[in-house]
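What follows is one structure encoded as structure tokens, with my remarks underneath.
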Amino acid sequence: MTTITDPPKQQFRLSMLIYDTRYRSATIQVVALIAFMLLAAWLIDNTARNMMLLGKTINFGFFGEPASYDINQRLLDYTSRDTHLRAALIGLLNTLVVAILGCATATAVGVLVGVLRLSHNWLIARLMTIYVEMFRNVPVLLWIVFIMAIMIETLPAPSAFRGDNATASMLLGDTVALTNRGIYIPEALFSRSLGDIHFFGASSLRFDVSLDLIAFLIVLGAGLWASHRIKRRADRMQEETGNRPTTWYLRVGVVLVPVVILLVALGFHLGYPELKGFNFSGGTHLRNSLIALWLALSLYTAAFIAEIVRAGILAISNGQTEAAAALGLRPGRVMRLVILPQALRVIVPPLISQYLNLTKNSSLAIAVGYMDITGTLGGITMNQTGKELECVLLLMLIYLIISLSISGVMNWYNESVKLKER
Amino acid sequence: MSELTTDRQIDRSKMTVSDEIAVEIINMNKWYGTFHVLRDINLTVNSGERIVIAGPSGSGKSTLIRCINRLEEHQSGKIIVDGTELSSDLKNIDKIRSDVGMCFQHFNLFPHLTILENCTLAPIWVRKTPRKEAIDTAMHFLEKVRIPDQANKYPGQLSGGQQQRVAIARSLCMRPRIMLFDEPTSALDPEMIKEVLDTMIELAEEGMTMLCVTHEMGFARQVANRVIFMDQGQIVEQNEPEEFFNNPKSERTKLFLSQILGH
């Protein structure tokens, strides 16, 4: 016969919610969740009440209305009769341009400075230290304004290039003009152009893509692919025979020759800026605002990246260098095969933060009148339409999306260079 | 410290010392800043010799063997390795480093490469060996140190003793004529010390020229043909192991031996 017994049952007391480790964390989470929901509810309720008092509604209809303001630096065509949506798009592209240019320049300068700061050359190492300390210890806003001021104050006005006794002259064989209105550089023109493809008709999101550019990119891509194949073949040769064939001229040639042939076929020539009347025309005009913002953001962020790179290299124990040297590897190879692959895993996570910082700092563009997304959507559009809530929420969402994209890409890269253990 | 490190029979048939000079050090001096670490070192090592360098910490043992492959620079005197004099000449340094293998106290394996890649890196990039051949060589030496099955793992996945044996195999892949050991067992558990020493004994049995900085006096007694005692940057005494341990001449050696063997 079996006896049925109950397992010892512990009486549940209310105090166990706080003192018993089994319930404690759940209790805390429930309390925190309730508090958070209350806070959110209060915020939304408060906003709704105040909006009602002001007689406002949440409404994104203003995007369809004409913007009625000009944007001087733009990648796509735009006039003041275009919509607010179009203006926001132009601003967004301007933000992306300065972010991408900035990240690329900051990385190149930062890595170089970081490595040079560890140089055994006393002078170079000290100069790099001065650079790093100068740039990272002054607010980036001051650097932006400072570089802008230098360009406006020291560069000649376009009128100085004019007349028989001109006080200024163009550089590089009359192709580049440095003026206080910006820098004029030659532009790429095609006399036998393939034309453009138009997307989205006449809507606010319309854009054109040059077929010449597409053809150029396809040919360049094919060349790079062929060059990669040649490299792979050299790798295989090295694996089989130990000797690496010299292939650099082949690799350069296979990229350059088809590109040059295409350019000749399309009738490629440069359009040079020329002084017409009171200003330069033709060529590409890089405005002072873009250059000041780009330079200041890059140089400022590069100072931080340099320190990150230096820390990454120093984090690798000296034993690694010694072991590689003892095996007969030369210093350059030691850096490339042993130190950098290990340093990358230390460098990449803080590097992501620097990219995000640069992207968000680009909103300081407003200080020099560069019309980025903060200047258009978060500035003039917001002031003209009075739709603060919509504009600011949308602005936050846009920066969040850009930042998360950078983060995602870089985290994926970080995963691929991670050290495998256990 | 244990007296006997291994219970295996040692095959001395190939442990022959030839007349050929492997390393010659003449009146070598080295300073760290103003600190005189090595004073008037004179040492001749013949091919096939197994030399153990002992001495208290800070006596310059490690610095001495690190000078031999120019991980440290000496300031005066001469070091001649395999007939090539060590100077600032990059070609000489390259030649000597590819002829001299070295094992470190903390192994210094490359953590981002597999065991096999650790072993093939230098043969491929320095010796220009075809990859297939380099892999075959690496597997041969990994079998010799008895860990061929770990070839595709990463150093972090191995025990300390296994890592040190990989480090030995990695050096051997360059087919060195001389091996330097810088306290190879100091960072290991007693059990692992044995497996590393066994590997080193096998190496000695094949006639490799070896210079070992170690505190394993059992190894010195059984394998070395000469023990060098250093103190304060000088070679105080050198002798055959039997004489060195039973009949030390200087007071300093006696004191050191009594401390290291006393308990």
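Note on naming: letters A, B, ... go to the chains in the order of the sequence lines (proteins, then strands), and numbering restarts at 1 for each one. Heavy-atom basis, side chains included; hydrogens, waters and symmetry copies ignored.
- For Arg336(A) and Trp125(B), the positive end sits near the middle of the six-membered ring, less than 6.0 Å away and at most 45° from its axis.
- Scanning residues 64-74 of chain B against chain A with a 4.5 Å non-hydrogen threshold yields Arg66(B), Asn69(B), Leu71(B), sorted by number.
- For the pair His112(B) (side chain) and Leu337(A) (backbone), a donor-acceptor distance under 3.5 Å is present.
- Looking at Phe104(B), only its side chain comes within 4.5 Å of chain A, counting heavy atoms on both sides.
- Pairing each heavy atom of Arg170(B) with each of Ala323(A), the nearest pair is NH2-CB, 3.5 Å.
- Scanning all heavy atoms of the two residues, the minimum distance from Met102(B) to Ala326(A) falls at CB-CB, 4.2 Å.
- For Gln320(A) (side chain) and Leu109(B) (main-chain N/O), a donor-acceptor pair under 3.5 Å exists by modelled atom type.
- Within residues 128-139 of chain B, the residues that have a heavy atom under 4.5 Å from a heavy atom of chain A are Lys128(B), Thr129(B), Pro130(B), Arg131(B), Lys132(B), listed by number.
- Atom CZ of Arg24(A) has 12 or fewer heavy atoms from other residues, nucleotides or ligands within 6.0 Å.
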Q: Please report the C-alpha distance between Val126(B) and Leu329(A) in whole Å, then the side-chain angles of each, then the deciding distance to 0.1 Å, and finally whether the side-chain contact (heavy atoms from CB on, under 4.5 Å) criterion is met.
A: CA-CA 6 Å; Val126(B) 180; Leu329(A) 289 164; 3.6 Å; yes
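- For the atom pair CD1 (Ile339(A)) and CZ (Phe110(B)), the distance works out to 8.0 Å, reported to the nearest 0.5 Å.
- In this view, His140(B) satisfies the ring-ring contact (aromatic ring centres under 6.0 Å, His included) rule with no residue, not counting sequence neighbours.
- The environment of Gln75(B) atom CD is dense: over 12 non-hydrogen atoms of other residues, nucleotides or ligands sit within 6.0 angstrom.
- More than 12 heavy atoms of other residues, nucleotides or ligands shown are found within 6.0 angstrom of CH2 on Trp31(B).
- Of residues 79-96 of chain B, those residues lying under 4.5 Å from chain A by any heavy-atom pair are Leu90(B), Asp94(B).
- Within the 4.5 Å cutoff, no side-chain heavy atoms of Leu113(B) are placed close to those of Val338(A).
- Under a cut-off of 6.0 angstrom, the local environment of CZ in Arg127(B) is crowded, with over 12 non-hydrogen atoms contributed by other residues, nucleotides or ligands.
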